[in-house]
Amino acid sequence: MTPTPEQDFDALVESDQRVEPRDWMPEGYRKTLVRQIAQHAHSEIIGMQPEGNWIGRAPSLRRKAILLAKVQDEAGHGLYLYSAAETLGVDRSELLDLLHAGKQRYSSIFNYPTLTWADMGAIGWLVDGAAIVNQVPICRCSYGPYARAMVRICKEESFHQRQGFEILHTLSHGTPAQHEMAQDAVNRWWWPSLMMFGPPDDQSPNSAQSMAWRIKRFSNDELRQKFVDMTVPQSQVLGLTPPDPDLHLDEETGHWRFGEIDWSEFFAVLKGDGPCNQDRIEHRRRAHDEGAWVRDAASAYAEKHRARSEGVA
Amino acid sequence: MSDTLLAPDVATYALRLGDDALVLAQRLGEWVANAPQLEEDVALANIALDLLGQARSLLTYAGASEGQGRTEDDLAFLRDERAFVNVTMVEIANGDFGVTMARQLCFSTYQLGLYDVLRASSDETLAGVAGKAVKEVAYHRDHATQWVLRLGDGTDESHNRMQAGLERVWPHVDELFEADDLERRLSATGVGVDTSTLRAPWDAYVDGVLARAGLTRPDASWLAAGGRRGLHTEAFGHLLAEMQHLHRSHPGASW
Ligand SMILES: [Fe+2]
Ligand SMILES: [Fe+2]
């Protein structure tokens with residue numbers, strides 16, 4: 001008996017092979033992927049704002065060049081991811097409209113403000129660091145285009161994390177004012193970074209299905225623990241202290257145990273009540289609206305030239 | 001003329017070209033996260049990065065030629081308005097995408113002509129910087145050309161905005177080709193470029209693009225001048241205030 005498309009799909013996923021755009025896939029799988037890839041793409045482009053905020057003020061030319069290159073990478077990540085989403089039959093402009101209308105999300109971490117130069121260090125070290133922990137497993141995601149986009153992205157993320165670490169290291173070992181700036185940034189970015197892995201496993205309704213589909217490979221809490229275990233020893237090298245009095249090494253398991261996360265803050269920011277939610281979306285809408293005439297001109301020009309070359313042919 | 005006599009001239013010359021690149025990089029950086037589409041965030045950041053790389057080499061060389069131990073950062077962050085010697089075109093506000101593309105077309109065409117001659121400079125460092133930069137700037141000019149064509153020959157609105165962008169930038173064009181004694185001395189010794197010789201090929205290229213785009217070459221009613229002597233626009237002090245404030249708030253700190 002020939003297997004049904006559904007059986008083919010299940011077999012493909014179970015044998016850890018890749019699902020490609022032309023393969024049959026369950027509607028729920030497609031929807032989940034569109035939602036996740038779009039959210040991921042939106043995060044890349046919204047994330048350009050808090051860091052773009054410091055390009056003009058970077059304190060040395062070398063730092064300015066590194067920051068510009070980093071923010072440029074994030075725009076590139078947005079491009080790869082929107083393309084990956086487009087293989088599922090949606091287009092970028094639709095997804096941007098949903099973002100601008102508040103109907104699709106981006107990572108809540110970008111709803112916190114970048115108040116000092118040290119925030120460039122903290123974002124690179126903690127936010128890109130958390131992104132790496134989240135994203136490395138997605139390189140083996142069952143959906144081919146998403147997995148491949150993620151392989152390219154992860155290569156660049158490790159440079160992002162390193163440059164953030166280096167900024168903080170320099171500040172921490174610099175003047176007293178610089179050290180204080182670095183510690184303050186870590187104080188502000190530590191907890192939001194732990195929240196980047198999403199709600200605790202017992203409050204994460206969609207996770208089980210995503211795991212079964214092999215879109216997700218580890219639970220939120222597993223990833224969070226992995227991140228903390230990786231980051232705490234680095235904080236010691238930096239000479240900076242995570243703002244958690246309960247943080248301690250569990251000798252038996254070798255894991256760093258951390259204190260209670262304030263999930264009410266997480267859900268408030270998710271709902272739209274973070275310090276920068278409004279600014280970020282307004283900024284996006286403004287840039288998009290102000291650029292409409294440019295995009296229209298580009299399509300009109302392309303159209304005219306298609307018509308002309310067809311006229312000649 | 002011995003090299004020691006030439007060194008202050010070379011320092012000033014490298015500073016001029018370095019300031020041009022630095023200030024334009026600073027302006028283009030303002031577009032990041034504000035561009036009309038994601039591809040342009042990438043492209044404008046890329047162009048800004050190229051210019052910043054050129055600026056860093058040139059300012060470092062200016063500091064070395066000057067011989068007072070000033071680094072690229074000392075020169076970028078610790079000089080005041082009147083000590084900057086960039087042309088005024090690079091400092092004018094970004095305006096809309098039409099103004100920015102007009103400025104990109106005008107400046108990159110000028111810079112490409114300049115670097116192309118400077119590649120053969122008898123000064124090895126300048127020749128080296130120009131040799132590397134010429135490929136980058138050829139892309140900048142191509143990028144601007146494509147956009148001027150699209151906007152000029154796109155919609156009515158884009159045509160009008162592109163024309164307005166040209167009008168905004170045009171008063172700053174003549175200044176690009178104003179050669180002074182220092183330039184003439186350096187050009188006579190094969191170190192620098194007499195920019196007045198770049199005017200005719202610049203006109204030919206830009207006029208060609210404007211004609212293909214259906215745009216009209218503006219007639220500037222006033223002419224900017226004096227950037228090379230440290231006379232800038234009002235907008236420039238604000239640009240420096242943003243660029244320099246953090247560095248200056250922590251004297252002597254490393255970053
Ligand atoms: Fe990224
Ligand atoms: Fe990143």
Side-chain angles (χ1 to χ4, degrees), chain A residues 41 44-65 67-69 71-76 78-79 82 92-93 96 116-117 167 170-171 173-175 177-178 181 283-284 286-288 290-305, chain B residues 22 25-46 48-49 52-53 55-56 59-60 71-73 75-77 96-98 101 147 149-159 161-162 239 242-255:
Chain A
E44 300 283 356
I45 67 165
I46 294 280
M48 294 166 67
Q49 291 179 34
E51 291 187 287
N53 183 33
W54 283 91
I55 291 173
R57 292 178 288 171
S60 73
L61 297 185
R62 176 168 166 269
R63 288 289 168 210
K64 190 191 287 289
L67 183 59
L68 250 174
V71 180
Q72 184 193 26
D73 282 349
E74 306 300 6
L79 282 173
Y82 286 119
R92 196 206 308 178
S93 63
L96 286 175
T116 72
W117 169 252
I167 289 174
T170 308
L171 293 176
H173 298 87
T175 66
Q178 286 178 307
M181 195 194 280
H283 181 135
R284 263 306 312 165
R286 179 188 48 71
H288 191 73
E290 285 177 0
W293 69 274
V294 176
R295 297 188 302 274
D296 290 347
S299 354
Y301 180 83
E303 191 50 47
K304 278 186 204 176
H305 281 257
Chain B
L22 174 62
Q26 180 75 7
R27 279 291 183 228
L28 292 177
E30 294 170 16
W31 273 107
V32 176
N34 290 297
Q37 57 192 30
L38 213 37
E39 286 82 352
E40 289 310 301
D41 286 297
V42 174
L44 294 169
N46 195 25
L49 265 173
L52 190 54
R56 295 182 63 193
L59 294 187
T60 300
T71 64
E72 56 172 5
D73 286 341
L75 289 167
F77 296 102
D96 68 7
F97 198 69
M101 284 305 117
W147 273 112
L149 292 175
R150 284 187 203 115
L151 299 179
D153 190 19
T155 62
D156 287 347
E157 182 183 9
S158 73
H159 176 88
R161 284 187 185 244
M162 191 60 236
L239 179 147
E242 181 184 0
M243 185 173 86
Q244 297 180 335
H245 108 268
L246 175 59
H247 184 98
R248 289 190 182 216
S249 300
H250 298 262
S254 312
W255 301 97

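Throughout, protein chains are lettered first and strands after them, A, B, ... in sequence-line order, and every chain is numbered starting at 1.
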Who among A:W117, A:Y82, A:W293 has the most heavy-atom pairs with chain B under 4.5 Å? A:W293
How long is the span from the CE atom in A:M181 to the NE2 atom in B:H250, to the nearest 0.5 Å? 3.5 Å
At a heavy-atom distance under 4.5 Å, which candidate from A:A69, A:G76, A:G174 has the highest pair count against chain B? A:A69
Side chain, backbone, both or neither: which part of B:L52 has an atom under 4.5 Å from a heavy atom of chain A? side chain
Relative to chain A, which segment of B:A25 carries a heavy atom at a distance below 4.5 Å: side chain, backbone, both, or neither? neither
If only atom types and distance count, is the side chain of A:R63 paired as donor or acceptor with the main-chain N or O of B:W255 below 3.5 Å? yes
Closer than 3.5 angstrom, by distance alone: can the side chain of A:Q72 be matched with the main-chain N or O of B:A45 as a donor-acceptor pair? no
Check: B:D73 side chain, A:L61 main-chain N or O, donor-acceptor pair, under 3.5 Å: yes
For the atom pair CG (A:D296) and CD (B:E157), what is the distance rounded to the nearest 0.5 Å? 8.0 Å
If you round to the nearest 0.5 Å, how far is CG of B:L22 from NZ of A:K64? 7.0 Å
In this structure, CG of B:D41 is separated from CG of A:L79 (nearest 0.5 Å) by 8.5 Å
Quick one: of A:A65, A:A298, A:S60, who has the most non-hydrogen atom pairs under 4.5 Å with chain B? A:S60
Heavy-atom distance under 4.5 Å to chain A: side chain of B:A76, backbone, both or neither? side chain
Pairs of heavy atoms under 4.5 Å with chain B: top-ranked of A:R62, A:R286, A:E290: A:R62
Can you say whether A:A58 sits under 4.5 Å from chain B via the side chain, the backbone, both, or neither, judging by heavy atoms? backbone
Which one, A:A297, A:A287, A:S299, leads in non-hydrogen pairs under 4.5 Å with chain B? A:A297
Here the pair of heavy atoms bringing B:D153 nearest to A:K304 is O-NZ, 2.9 Å
Please classify the contact between A:V71 and chain B as side chain, backbone, both or neither, with a heavy-atom cut-off of under 4.5 Å. side chain
Flag the pair A:Y301 / B:L149 as yes when at least one side-chain heavy-atom distance between them is below 4.5 Å, and no otherwise. yes
Select one option (side chain, backbone, both, neither) describing which atoms of B:N46 are under 4.5 Å from chain A's heavy atoms. both
Inter-residue atom distance B:F97.CZ - A:R295.CZ, 0.5 Å rounding: 11.0 Å
What part of B:Q26 gets closer than 4.5 Å to chain A, counting heavy atoms only: side chain, backbone, both or neither? side chain
Side-chain heavy atoms of A:I55 within contact of B:E30, under 4.5 Å: no
Is B:E39 salt-bridged to A:R92, cutoff N-O under 4.0 Å? yes
Any side-chain heavy atom of B:Q37 within less than 4.5 Å of one from A:H288? no
Please classify the contact of B:L59 with chain A as side chain, backbone, both or neither, using a heavy-atom distance under 4.5 Å. side chain
Specify the closest pair of heavy atoms between A:A75 and B:L38, including all atoms of both residues, with the distance to one decimal. O-CG, 3.8 Å
Interchain contact, A:H173 with chain B, by part (heavy-atom threshold 4.5 Å): neither
Atom of B:A253, atom of A:Q178 and distance for their closest heavy-atom approach: CB-NE2, 3.6 Å
Atom CG in A:L68, atom CG in B:L28: separation rounded to 0.5 Å? 9.5 Å
Please name the pair of heavy atoms, one in A:T170 and one in B:S254, separated by the smallest distance, quoted to 0.1 Å. CG2-O, 3.9 Å
Check: A:R57 and B:H247 side chains under 4.5 Å, non-hydrogen atoms: no
Most contacts with chain A, counted as non-hydrogen pairs under 4.5 angstrom, among B:R56, B:R248, B:H245, B:H159: B:R56
